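Just so it is clear: chains get the letters A, B, ... in the order the sequence lines come, proteins before strands, and each one is counted from 1. Side-chain atoms are counted along with the backbone in the values below, which use heavy atoms only and exclude waters and symmetry mates. Fair warning: this is a prediction, and the values are worked out from it, not measured in the lab.
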There are 2 protein chains.
Amino acid sequence: MIDKLDFLLALARECHFGRAADACGVTQPTLSAGIKQLEETLGVLLVNRGSRFRSFTPEGERVLDWARRIVGDARALREDINALRHGLTGRLRIAAIPTALAMVASLTTPFRARHPNVQFTILSRTSIEVLAELDNLEIDAGITYLDNEPLGRVNTVPLYPERYRLLTSTGAPLGERTSVTWAEVAQVPLCLLTPDMQNRRIINRLLNRTGAESRPMLESDSMIVLFSHVRTGKWASVMPAKLAETLGLTQTLRAIPIVEPDEVHTIGLVIPQREPMTPLTAALVAEAQRLAPALSD
Amino acid sequence: MIDKLDFLLALARECHFGRAADACGVTQPTLSAGIKQLEETLGVLLVNRGSRFRSFTPEGERVLDWARRIVGDARALREDINALRHGLTGRLRIAAIPTALAMVASLTTPFRARHPNVQFTILSRTSIEVLAELDNLEIDAGITYLDNEPLGRVNTVPLYPERYRLLTSTGAPLGERTSVTWAEVAQVPLCLLTPDMQNRRIINRLLNRTGAESRPMLESDSMIVLFSHVRTGKWASVMPAKLAETLGLTQTLRAIPIVEPDEVHTIGLVIPQREPMTPLTAALVAEAQRLAPALSD
DNA sequence: TTGTTTGATTGATTTAGCCTATTGAAAATG
DNA sequence: CATTTTCAATAGGCTAAATCAATCAAACAA
């Protein structure tokens with residue numbers, strides 16, 4: 001039963017019988033049969049199929065809701081008992097938005113000191129993807145904006161406020177200033193994240209509000225790309241203060257506060273709303289709560 | 001997996017491999033193998049066995065906690081999908097304390113008018129048993145005291161206040177009074193519930209507080225027995241006002257308010273703390289909430 | 001048309017689940 | 001203390017379920 005519900009979750013992720021089967025480590029006929037068996041025992045069609053996967057029926061969506069709970073709890077059970085036997089072990093899968101990726105180290109490092117046998121998988125994702133994968137049990141926790149889009153059935157731990165800086169070099173336009181306005185930033189050619197990232201959407205909104213047209217000269221989904229371009233001294237970017245500090249400023253590389261408005265967004269840990277938490281998640285939350293005071297400006 | 005967890009729940013109820021197997025509709029070796037398989041996949045001993053069932057290990061207790069959740073959710077899933085297909089069907093298992101048994105009809109009757117295809121099982125239980133069986137998923141809901149013993153992980157819906165009456169006949173001692181004190185009641189030979197019932201413990205406490213020795217001449221675990229004795233005109237009892245009214249008073253059979261103190265306890269519906277509720281439970285809660293205003297004095 | 005993708009189908013094989021019957025050990029009983 | 005009873009584990013055998021590799025059919029795309 002639980003494995004069949006797991007099949008359904010995989011199908012929801014992949015929208016493709018073959019790939020879902022691969023993800024579950026079974027062959028496609030096995031997964032097909034599993035789904036069909038679910039449909040038979042429940043007496044309803046769960047998946048709208050043509051000659052390929054189309055969508056879930058309303059009943060299918062409902063079953064998915066339960067499947068998330070049940071499969072999640074079954075995993076939590078194993079993890080819980082494992083923790084009783086061997087202390088905290090296993091793998092924590094964390095997805096973070098690109099602008100938060102650099103701060104993950106300040107969460108994982110003290111965590112690892114406390115629990116040396118826990119392995120990590122850190123993924124770079126958009127804020128949308130973070131929430132979707134949290135729902136699908138693909139990740140254990142996310143790090144994303146807490147105050148922008150609706151979050152869904154999750155618990156949150158605030159970590160730090162995201163404030164914006166113009167990252168540029170002395171000698172470049174605005175490079176000598178102690179603060180700049182968004183209107184001024186809008187005049188500078190920028191390297192920014194791609195528009196599917198919420199950080200970019202926030203920056204776009206702030207830039208557009210000034211009336212000026214924003215002119216991103218370079219887009220990337222990787223903060224490394226943006227930062228390495230700025231380090232050449234020939235490019236500028238807008239990024240969160242915390243990130244700029246973490247990546248390292250130099251005498252010529254400056255992070256200039258952007259005002260009018262001095263907008264702030266809260267970044268935090270997001271975990272599934274499950275009671276009780278899995279031991280790994282609980283430990284991560286504890287670590288986040290320890291870390292938060294040190295990060296809040 | 002889920003069936004194995006169900007085996008474990010049955011074992012927790014019965015504390016006996018053979019009876020647990022019966023309860024699950026399998027033979028004892030099958031259940032034994034199921035438990036053993038659970039122990040192997042989790043890698044821990046769950047049950048302390050001598051030559052017979054002794055107890056659960058701490059890990060076993062933990063697994064039981066999860067099993068209650070997971071098995072409960074799996075049932076809720078089926079019920080939920082069933083409700084989508086055929087409307088509300090199935091069986092609601094309700095356990096009530098004896099003094100609340102008569103009022104169950106005022107809950108089930110309007111419920112059945114709304115949902116004609118739902119079947120009921122109504123059980124008479126002590127307040128302790130109600131909570132235990134709620135935990136073990138043996139019943140869907142309980143009706144018991146909300147304000148006395150610690151309730152555990154449940155949600156509650158208050159139904160009505162329980163006030164105490166001396167049930168006796170005109171002509172008997174105190175039979176003509178419009179109110180009596182607990183001290184006076186203590187002097188009368190009474191028919192009362194057995195001491196494992198919380199109602200009896202409450203009455204005992206109130207009687208003892210007067211300093212007098214209470215003298216129950218007849219004990220039973222059935223309100224029918226108590227009431228039918230009182231109806232002969234030769235016996236008296238203490239019972240909740242609501243119950244006396246429901247069973248029917250006559251010109252000679254009187255329910256006299258007992259004061260000093262005029263103690264009140266709240267009776268209510270108790271359901272497992274599960275989010276979301278099963279459709280049947282949700283409907284029952286809705287019915288209880290509709291009913292409560294009419295019952296509150 | 002022809003090749004590709006995708007999910008259903010088929011048939012063989014392995015695995016898991018369950019039962020009956022039995023055993024062994026501990027409790028209960030006389 | 002001997003005997004009986006109770007209880008859970010074990011053994012052996014059967015059946016149903018699960019899974020896989022291979023194939024098929026429908027829908028698209030080129």
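Legend: residues meeting ring-ring contact (aromatic ring centres under 6.0 Å, His included) with A:F111, ordered by chain and number and at least two apart, are A:H115, A:F120. Qualifying salt bridge (Lys or Arg N to Asp or Glu O under 4.0 Å) partners for B:E129, counting only residues two or more places apart in sequence or in other chains: none. In terms of the side chain to side chain contact (heavy atoms under 4.5 Å, CB included) criterion, residue partners of B:N199 (sequence neighbours excluded) are, by chain and number, B:T99, B:Y145, B:E162, B:Y164, B:L193, B:I203, B:P240. Scored by the ring-ring contact (aromatic ring centres under 6.0 Å, His included) test, A:H16 finds no partners at all (sequence neighbours excluded). The side chain to side chain contact (heavy atoms under 4.5 Å, CB included) check on A:R153 picks up A:D65, A:Q273, with sequence neighbours excluded. Residues passing the side chain to side chain contact (heavy atoms under 4.5 Å, CB included) test with A:R78 are B:M1, B:L42, sequence neighbours excluded. Residues passing the salt bridge (Lys or Arg N to Asp or Glu O under 4.0 Å) test with A:D80 are B:R62, sequence neighbours excluded. Among residues two or more places apart in sequence or in another chain, the side chain to side chain contact (heavy atoms under 4.5 Å, CB included) test is passed with A:D73 by A:R274, B:W66, B:R69, B:I70, B:D73.
Applying the 4.0 Å criterion to OP1 and OP2 of C:dG17, one finds that B:T30 has every side-chain N and O outside that range.
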- prompt: What string of B, S and - do you get for nucleotides 25-30 of chain C, 5' to 3', when a contact is any protein heavy atom under 4.0 Å?
  reply: -SS---
task: Produce a footprint string for nucleotides 9-17 of chain D: one letter per nucleotide, 5' end first; B if the base is under 4.0 Å from any protein heavy atom, S if only the sugar-phosphate is, - if neither.
output: BB-------
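With rounding to whole Å, A:D22 atom CG is found 14 Å from C:dT5 atom C1'. Rounded to whole angstrom, the span from the CZ atom of A:R19 across to the C1' atom of C:dT6 amounts to 10 Å. Computed from coordinates, the B:H16 NE2 to D:dT6 P distance equals 10 Å when rounded to whole Å. Note: CD1 (A:I35) to P (D:dA18) measures 13 Å, nearest angstrom. Rounded to whole Å, atom C1' of D:dA8 lies 16 Å from atom CG of B:L8. Rounded to an integer number of Å, the gap from A:L31 CG to D:dA21 C1' is 16 Å. Distance A:L11 CG to C:dT6 P: 13 Å, rounded to the nearest Å. Atom P of nucleotide C:dA8 and atom CZ of A:F7 are separated by 14 Å, given to the nearest angstrom.
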message: Evaluate A:N48 against A:S55 for side chain to side chain donor-acceptor pair (under 3.5 Å), listing each step before the verdict.
response: CA-CA 5 Å; A:N48 291 316; A:S55 63; 3.0 Å; yes
Which side-chain N or O atoms in residues 22-29 of chain B pair as donor and acceptor under 3.5 Å with protein atoms at least two apart or in another chain?
| unit_1 | atom_1 | unit_2 | atom_2 | d |
| --- | --- | --- | --- | --- |
| B:T27 | OG1 | B:T30 | OG1 | 3.1 |
| B:Q28 | NE2 | B:S32 | OG | 3.2 |

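Side chains of B:T278 and B:R75: no donor on one and acceptor on the other come within 3.5 Å.
Positionally, the nearest nucleotide of DNA chain D for B:F53 lies more toward the 5' end than for the other of A:T27 and B:F53. Between A:V26 and B:C15, it is B:C15 whose nearest contact on DNA chain D lies nearer the 5' terminus.
Each end of the helix from C:dT1-D:dA30 to C:dG30-D:dC1 gets its own axis from five base pairs, and the two axes differ in direction by 20°, given to 10 degrees.
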